[in-house]
Every structure is written in C-alpha cells, then in structure tokens.
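All figures in this text were calculated on a predicted structure; none of them were measured in a lab. These numbers come from the heavy atoms of this one structure, side chains and all, not from hydrogens, waters or symmetry mates.
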Amino acid sequence: MPRLRTAVLVAGAALLTRRALRRRVRRSPLWPLPALPTPVSGRAPRRNAAFRALVTERTEPAEGVVQLRLEAAGLPAWQPGAHIDVVLPSGLVRPYSLCGDPSEPGTYTIAARLIEDGRGGSREVHEQLQEGVDIEIRGPRNRFPLADSKAYVFVAGGIGITPILPMVRALAAAGANWRLLYGGRSRASMPYVDELAKLGADGDRVLVVPEDESGLPDLAAFLAGTAPGTAVHCCGPDPLMDAVAALLPASCTLHLERFAPGAAGPGDDVPFEVELRRSGRMVQVAPGRSVLSAVRAELPDVPYSCEQGFCGTCQQRVLEGEIDHRDELLTDGERDDSMLICVSRCRGGRLVIDL
C-alpha cells in the first residue's frame, strides 16, 4: 500500500507539472527563455483585405483602353474617387481607379490605358486579363474623395477621367452645380465622352478638348470666374495638374489624384546612408537612386512590386532617422515609423531600417 500511495502521488505530481509547463509554453513558446518581441521588420499589416475576383466582362471604351468588370462575393462598398490594387498574373501590383457604379454590390469596374513605353503593367492587363480570368484585388482605398462643396469644377486628362466619372454621375443625379473640362490626344482615345456629354447636356457643363482638333485646353479661360469656395478636382498628367494649381484662384480648394508620386523639387535628392540593422550592413543612396535599389544590391530578396509608392509591398520599419515620405499609401500613423523604400527618402544624412 505505501508503494501504491507513492506511485499515485508521483503520477499526480507529474500530471500537475506537465499542465504547468503547458501553461508556461502557451504564454512564452520559448520558455524558459523570455518571449520574443513582436517582429517589426517587413510590411505592416494592411488594413484592406484581399479578394479573388473574376473578370466577367471586357470592353474597349476607347482606342488603347480596356474596361474590365470584376465580380466577387463580399466586395467592400466604395465611394467615388476610390481605387483598388490589382495583383497581375506576374505578381506586379498596379492601382486602378474604380469607375463603375458604387451602388452595384459585388462588382468593381476599372479601365486601363496601354502605355507602350511603360514598365509592363498596362500591357499585362491588356494581353492577359481576359474574360474568365481570376485575379487578386486589394482595397478599396480612397485618397481622392469627392469634397463637400456648393459648386464643383473637374479637370481630367486622358485616362484621368476614371476617378472623376463616378463623381460626375453622383452630382448629376443630385442636381448639383458642376462643370468638367476633359482633354485628351484625340476624341477616339478618350473613354466615356458620350456618357459625359449626356450627363452635362442640361447646362452645357462638359467641355471636351481633343488635342488633334482644338490643341491644348485653355485652362485659364475655363477656370476664370470660378466662384469662391468651389471644390476643384483634377486628375491627369503632372503638367496638367501643375497648370491647374498655378491658375486656380486662392479662394478655391484643389484636390489632386496623381498617376504616380509627385516629383521631388530641385535639390531635394541628396545622398544619404542607410543602416540595415539586423543585417549589419551599410548602404549608400545616391541622388536619383531609390532606397529600394540600394538595399536590393545587398539583400536581393527584399520584396517589391509597383516601385511607385502605391502597393505597399516594400514597406519597411524605420528605427532611426527622419523620413521624407513620397508615397500615396501610408496613413499618418504608419508614417511615424515606416516607409515605402521604393520612393521615399531621408531628410537627414542617415536612416536605420529593420532589415
């Protein structure tokens, strides 16, 4: 009996010990070592979920432009001005403005112009995204929302009409006060011209200016007399947006959507060094060279995609240094301690990145 009692006590103690160890392991998998802190390297978690969507319709609303209808269950709602990130079959990520109807559930519509001398994204859209193709999309995000105003002026250049089109539809339906100047290389290359003409027919609100017919648009004449407090939304090539900004009366508010991050001003690109803290390496970033390029010379596996500051693939945690943010993606909170190394730079002489 004493031996049996001893065996029972030993077995009970062993069971209690295993349970205690299991609880410690749950709290800290490397017990008895201290638990590791949350990793800070690489991309911060994105707020926008990824979805698989099916290309259900493909049309050509203008020369060199394809429009894609994407369908999936549970797609988030969106407002005019929003865009999504499209993950192309090659893995490239490209942003496209939503130009469909926000009230239509489970459907997104985008349009893409073929850029002959681009970096391949638009060509991949035109050649590979056919009806029946399943792709990944992310978003939507909206950094170009329709402002709250009593009057609106829109200026669009080429494919820059895509984020503006849903705004005009909404304002026309609401009977709001709005005007639009829409310029492009030729009428045949400008999508949605006919629809816009119908939307603005009640007050001659739409001015279409094909360059091969009328030359460059007279922005000064179009903007002259714009009422104080008018919200002006502009999307198109940088020269167009710079001209609008220069001509706009100070009493109006300007809202811009760029195809790519704005160019740095003269002398803004200065050399600096980047310490890769975990790798124990130092890289030099020359004027005109991106942090991404310099880092990949040392660490070729660092992920990236768009190289334009839109997709977030190259987001890295910054441990020290002042960041010169040049992206179109990060929130103010994210900018406190991270950067997109494809476009952003350093305001001082040194950055320390958790790589």
Side-chain angles (χ1 to χ4, degrees), residues 46 48-72 75-76 78 80-102 104 106-144 156-166 184-186 188-193 195 235-238 257-261 303-314 327-329 340 342-343:
R46 300 250 45 91
N48 298 289
F51 298 85
R52 303 300 303 186
L54 186 68
V55 179
T56 59
E57 183 181 81
R58 174 187 166 111
T59 57
E60 297 185 6
E63 291 179 358
V65 177
V66 296
Q67 176 179 284
L68 304 176
R69 179 185 176 94
L70 310 174
E71 296 188 19
L75 291 179
W78 61 280
H83 73 271
I84 59 172
D85 295 325
V86 176
V87 183
L88 299 173
S90 67
L92 290 175
V93 181
R94 294 291 185 267
Y96 291 101
S97 296
L98 293 171
C99 56
D101 184 354
E104 189 173 4
T107 300
Y108 290 162
T109 300
I110 61 173
R113 180 179 299 284
L114 177 63
I115 309 299
E116 295 287 355
D117 58 349
R119 295 179 300 117
S122 68
R123 181 166 297 280
E124 192 170 349
V125 170
H126 277 245
E127 294 179 354
Q128 298 194 37
L129 297 193
Q130 307 292 334
E131 291 182 10
V133 171
D134 180 75
I135 59 172
E136 179 182 326
I137 59 176
R138 302 169 185 168
R141 293 193 302 272
N142 198 340
R143 291 187 173 273
F144 188 50
I159 200 65
I161 192 63
T162 51
I164 288 175
L165 179 60
R185 295 193 306 272
S186 67
S189 70
M190 299 167 66
Y192 314 118
V193 169
E195 180 184 355
C235 182
D238 283 345
E257 174 85 320
R258 295 186 181 274
F259 295 151
Y304 71 100
S305 182
C306 75
E307 297 184 83
Q308 298 181 75
F310 288 123
C311 73
T313 304
C314 69
D327 65 273
E328 299 289 334
L329 176 67
L340 301 189
C342 67
V343 292

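One finds the OG1 atom of Thr107 at 11.0 Å from the CG atom of Leu98 (value rounded to the nearest 0.5 Å). The distance from the CG atom of Leu75 to the CD1 atom of Ile137 is 5.0 Å, given to the nearest 0.5 Å. One distance of note links CD of Gln67 with CD of Glu57; it measures 7.0 Å at 0.5 Å rounding. Remark: Asp101 CG to Trp78 CH2 distance equals 7.0 Å, nearest 0.5 Å. Separation of atoms CG (Leu54) and CZ (Arg69) is listed at 11.0 Å; rounding is to 0.5 Å. Atom OG1 of residue Thr109 and atom CG of residue Leu68 lie 9.0 Å apart, to the nearest 0.5 angstrom.
In terms of heavy atoms, Ile164 sits closest to Cys235 at CD1-N, 4.1 Å. The two residues Val65 and Ser189 make their nearest non-hydrogen contact at CG2-O, 4.3 Å. For Ala111 against Thr162, the heavy-atom pair with the smallest separation is CB-CG2, 3.9 Å. Across every non-hydrogen atom of Gly139 and Phe51, the tightest pair is O-CE1, 4.0 Å. Nearest approach of Tyr108 to Pro76, heavy atoms of both residues: OH-O, 2.7 Å. The two residues Pro163 and Gly160 come nearest to each other via the heavy atoms CD-O, 3.2 Å.
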Problem - side-chain contact (heavy atoms from CB on, under 4.5 Å) between Phe144 and Ser97, intermediate numbers included - result: CA-CA 10 Å; Phe144 188 50; Ser97 296; over 6 Å; no

Exercise for the section: Evaluate the criterion side-chain contact (heavy atoms from CB on, under 4.5 Å) for residue pair Leu70 and Ile135; output intermediate values, then yes/no. Expected result: CA-CA 9 Å; Leu70 310 174; Ile135 59 172; 4.1 Å; yes

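Between Tyr304 and Cys342 there is no side-chain heavy-atom pair separated by less than 4.5 Å. Counting only heavy atoms from C-beta outward, the side chains of Arg58 and Val66 approach each other to under 4.5 Å. At least one side-chain heavy atom of Glu116 sits under 4.5 Å from a side-chain heavy atom of Arg123.
The environment of Arg52 atom CZ is dense: over 12 non-hydrogen atoms of other residues, nucleotides or ligands sit within 6.0 angstrom.
Remark: side-chain polar atoms of His126 are not paired, donor with acceptor, to backbone N or O of Ile115 under 3.5 angstrom.
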Please table the atom pairs, donor to acceptor, closer than 3.5 Å between any side-chain atom in residues 82-96 and protein atoms at least two apart or in another chain.
from: His83; atom 1: NE2; to: Arg141; atom 2: NH2; distance (Å): 3.3
from: Asp85; atom 1: OD1; to: Arg141; atom 2: NH2; distance (Å): 3.4
from: Asp85; atom 1: OD2; to: Arg141; atom 2: NH1; distance (Å): 2.9
from: Asp85; atom 1: OD2; to: Arg141; atom 2: NH2; distance (Å): 2.9
from: Ser90; atom 1: OG; to: Leu92; atom 2: N; distance (Å): 3.4
from: Ser90; atom 1: OG; to: Glu124; atom 2: OE1; distance (Å): 2.7
from: Ser90; atom 1: OG; to: Glu124; atom 2: OE2; distance (Å): 3.1

